[in-house]
Protein chains: 2
Amino acid sequence: MEKIQPRSLYLEVADRIRDLIERGTLLPGEKIAEKQLCESFGVSRTPLREALKVLTSEGLVENLPNRGSRVVRLTRTGVQNTYDVMGALEGLSGELACPNITDAELARVRKLHQRMLEFYRRKEIKPYFEVNQQIHEAILAASHNDVLIEMYNNLSQRVKRVRYSVEMGEDNWAQAVSDHEAMLEALEARDGPRLGAILRQHLRHKLEVAEVSGIIDA
Amino acid sequence: MEKIQPRSLYLEVADRIRDLIERGTLLPGEKIAEKQLCESFGVSRTPLREALKVLTSEGLVENLPNRGSRVVRLTRTGVQNTYDVMGALEGLSGELACPNITDAELARVRKLHQRMLEFYRRKEIKPYFEVNQQIHEAILAASHNDVLIEMYNNLSQRVKRVRYSVEMGEDNWAQAVSDHEAMLEALEARDGPRLGAILRQHLRHKLEVAEVSGIIDA
DNA sequence: CTTGAGTATTATGAATTCAAAATGCATTCA
DNA sequence: TGAATGCATTTTGAATTCATAATACTCAAG
């Protein structure tokens with residue numbers, strides 16, 4: 001039996017706009033023409049404007065009174081700040097995951113980890129990133145804390161554009177893999193504080209990589 | 001010369017509704033009658049509905065498709081989860097405040113701390129809570145991390161209703177004051193990790209107090 | 001009585017309309 | 001030439017209208 005899921009139109013529209021921002025179709029700082037988007041989505045302005053308000057409170061869009069909406073421009077310090085918070089949240093996810101993770105979830109993380117190592121050996125960076133992402137999501141989910149998951153996803157969404165353009169050097173890559181080895185160890189040992197510390201450190205590395213690649217700001 | 005500040009109507013309405021929720025005029029689980037609120041605010045449904053969407057994405061209100069909006073009902077685990085995340089964020093605020101706090105900001109924290117001690121000695125709980133709150137806000141602000149401040153305030157808003165009804169026993173109170181002494185010491189010593197740890201612990205105490213008072217859930 | 005079908009009423013979702021503000025453009029004057 | 005003023009156009013903000021789904025109510029049947 002299929003479960004029916006009635007979704008509001010404005011949520012659908014919000015998803016679509018999020019996609020456009022993430023994909024770079026809508027660029028940072030670009031003003032959002034309501035009429036145009038309405039036509040391309042085939043909806044009226046009402047649900048579109050509601051969606052824009054949601055995105056505004058999510059921090060993806062800014063709303064200048066009487067002069068419309070723009071995609072928020074990422075600043076260096078803004079991204080830095082976001083990563084700092086994400087680090088704290090990811091640390092917490094590790095701490096909570098250790099006591100709360102189920103056997104099935106742990107098995108899944110192990111499996112993902114092995115798959116990631118395989119991609120690392122083959123130097124297939126694209127699938128490596130995908131699996132890497134899945135591992136972090138799996139740990140986050142294993143925290144079993146809805147609020148944490150919601151907050152993290154929100155921040156993650158904001159900086160997705162940046163991470164997309166990150167280039168990873170061989171040494172950074174090796175460091176990241178090493179971090180992951182330590183993570184799995186701590187998780188197996190159910191050592192929450194240690195896993196938390198590793199995850200915080202791990203994200204710090206990611207940020208350094210992003211900063212080195214210098215794609216932040218216009 | 002006075003600076004004019006053009007604010008959107010929907011933001012004004014959102015503020016008003018937040019107030020109603022915080023004050024308990026709108027109760028958890030209560031369905032929000034759009035028409036009625038429109039009349040009492042003197043606005044049309046459009047800005048009101050926009051405001052409701054913002055509050056929904058803030059986690060204060062939930063939106064059931066085709067059957068309107070309700071004030072979210074706080075569950076025990078929901079509050080627990082929120083406090084866990086707030087703890088991580090408050091810990092981060094401490095870590096960041098130590099390197100980033102200005103002399104003026106530090107002086108202000110000292111002053112607030114002294115005032116708080118005075119209220120503790122006089123057992124004036126209401127003003128004690130107010131100053132206490134101000135100290136935490138001052139440290140948060142001293143992190144100089146906008147994203148952190150935004151996230152923390154969001155979560156804080158969600159559980160404000162709970163904290164309002166917390167009763168504090170003498171022993172809990174003494175413990176809280178002791179925590180604050182340690183906080184100020186760590187801050188003066190610019191010991192970020194230590195201040196972070198104290199703040200995390202401090203919030204954990206708060207939650208225990210809230211749980212003991214048993215006002216969560218219906 | 002209780003249950004359930006069918007209708008009336010109300011509330012919500014979305015499009016449309018109206019008003020006001022901002023933008024762009026042309027003209028004028030220094 | 002260039003800045004400023006006034007007008008036309010466009011765009012945004014908010015109210016209104018329309019359509020549809022949910023709720024309340026009535027009344028009949030078991």
Side-chain angles (χ1 to χ4, degrees), chain A residues 1-21 25-73, chain B residues 1-21 25-73:
Chain A
M1 194 56 178
E2 178 99 10
K3 201 198 294 180
I4 59 154
Q5 191 84 294
R7 293 240 313 161
S8 297
L9 187 51
Y10 83 98
L11 289 173
E12 220 73 52
V13 173
D15 285 349
R16 294 281 296 271
I17 299 176
R18 255 186 237 105
D19 257 32
L20 293 180
I21 294 174
T25 310
L26 288 173
L27 292 154
E30 187 176 340
K31 72 160 166 284
I32 296 171
E34 293 182 0
K35 204 166 156 230
Q36 188 183 322
L37 272 188
C38 283
E39 282 165 16
S40 71
F41 289 160
V43 299
S44 81
R45 278 177 60 218
T46 308
L48 183 113
R49 300 182 94 253
E50 288 172 346
L52 286 175
K53 260 112 199 160
V54 171
L55 296 174
T56 298
S57 83
E58 283 176 9
L60 280 169
V61 166
E62 59 189 342
N63 229 286
L64 318 178
N66 288 321
R67 63 184 62 176
S69 307
R70 320 177 86 67
V71 179
V72 292
R73 194 185 291 278
Chain B
M1 193 56 177
E2 179 99 11
K3 200 199 297 184
I4 59 156
Q5 191 83 295
R7 290 242 311 163
S8 295
L9 186 51
Y10 82 98
L11 289 174
E12 220 73 52
V13 173
D15 285 349
R16 295 280 295 271
I17 298 176
R18 254 187 238 105
D19 257 32
L20 293 180
I21 293 174
T25 310
L26 287 173
L27 292 154
E30 186 176 340
K31 71 160 168 280
I32 297 170
E34 294 182 0
K35 202 163 159 235
Q36 189 183 321
L37 273 188
C38 284
E39 281 165 17
S40 71
F41 290 160
V43 299
S44 82
R45 278 177 59 217
T46 307
L48 182 115
R49 301 183 93 251
E50 288 173 346
L52 286 175
K53 260 114 202 158
V54 170
L55 296 174
T56 297
S57 83
E58 283 175 10
L60 279 169
V61 165
E62 59 189 341
N63 229 284
L64 317 179
N66 288 320
R67 64 185 62 177
S69 306
R70 315 173 97 52
V71 180
V72 292
R73 193 185 292 276

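Just so it is clear, the structure is predicted and the values come from calculations on it, not from any experiment. Just so it is clear, the values below take in all heavy atoms, side chains as well, and ignore hydrogens, waters and symmetry mates. Note on naming: letters A, B, ... go to the chains in the order of the sequence lines (proteins, then strands), and numbering restarts at 1 for each one.
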Novice: A/L27: what forms a side chain to side chain contact (heavy atoms under 4.5 Å, CB included) with it, not counting sequence neighbours?
Specialist: A/E30

Novice: If you compare all heavy atoms of B/S69 against all heavy atoms of B/L52, which two are closest, and at what distance to 0.1 Å?
Specialist: OG-CD1, 3.8 Å

Novice: With DNA chain C as reference, determine whether B/K35 or A/Y10 sits nearer its 5' end, using the nearest nucleotide of each.
Specialist: B/K35

Novice: Rounded off to whole Å, could you give me the CZ-to-P distance for the B/R70 and C/dA11 pair?
Specialist: 14 Å

Novice: CG of B/L64 versus P of C/dT12: gap in Å, rounded?
Specialist: 11 Å

Novice: Identify all pairs in which a protein N or O lies below 3.5 Å from an N or O of nucleotides 15-22 of chain D, and state each distance.
Specialist:
{"unit_1": "D/dA15", "atom_1": "OP2", "unit_2": "B/S44", "atom_2": "N", "d": "3.0"}
{"unit_1": "D/dA15", "atom_1": "OP2", "unit_2": "B/S44", "atom_2": "OG", "d": "2.5"}
{"unit_1": "D/dA15", "atom_1": "O5'", "unit_2": "B/S44", "atom_2": "OG", "d": "3.3"}
{"unit_1": "D/dA15", "atom_1": "N7", "unit_2": "B/T46", "atom_2": "OG1", "d": "2.7"}
{"unit_1": "D/dT16", "atom_1": "O4", "unit_2": "B/T46", "atom_2": "OG1", "d": "3.4"}

Novice: Whole angstroms only, please: what is the CD-C1' distance between B/Q36 and C/dT12?
Specialist: 16 Å

Novice: Could you tell me the separation between the CG atom of A/L11 and the P atom of C/dA14, rounded to a whole number of Å?
Specialist: 9 Å

Novice: Taking only residues two or more places apart in sequence or in another chain, which ones pass side chain to side chain contact (heavy atoms under 4.5 Å, CB included) with B/L37?
Specialist: B/I17, B/L20, B/I32, B/S40, B/F41, B/L48

Novice: Want to settle it: does A/K31 or B/S69 sit nearer the 5' end of DNA chain C, counting the closest nucleotide to each?
Specialist: B/S69

Novice: In chain order, what residues pass the side chain to side chain contact (heavy atoms under 4.5 Å, CB included) check against B/S44, with sequence neighbours excluded?
Specialist: B/T46, B/P47

Novice: Could you state the CD-P distance from B/E34 to C/dA11, rounded to the nearest angstrom?
Specialist: 10 Å

Novice: Quick test of your reading: applying salt bridge (Lys or Arg N to Asp or Glu O under 4.0 Å), list the pairs with at least one residue in residues 58-71 of chain A, sequence neighbours left out, ordered by first then second residue.
Specialist: A/R18-A/E58

Novice: Who pairs with A/R45 by side-chain hydrogen bond (donor to acceptor under 3.5 Å, both in side chains), at least two apart in sequence or on another chain?
Specialist: A/E34

Novice: Roughly, in whole Å, what's the span from CG in B/L48 to C1' in D/dA14?
Specialist: 12 Å

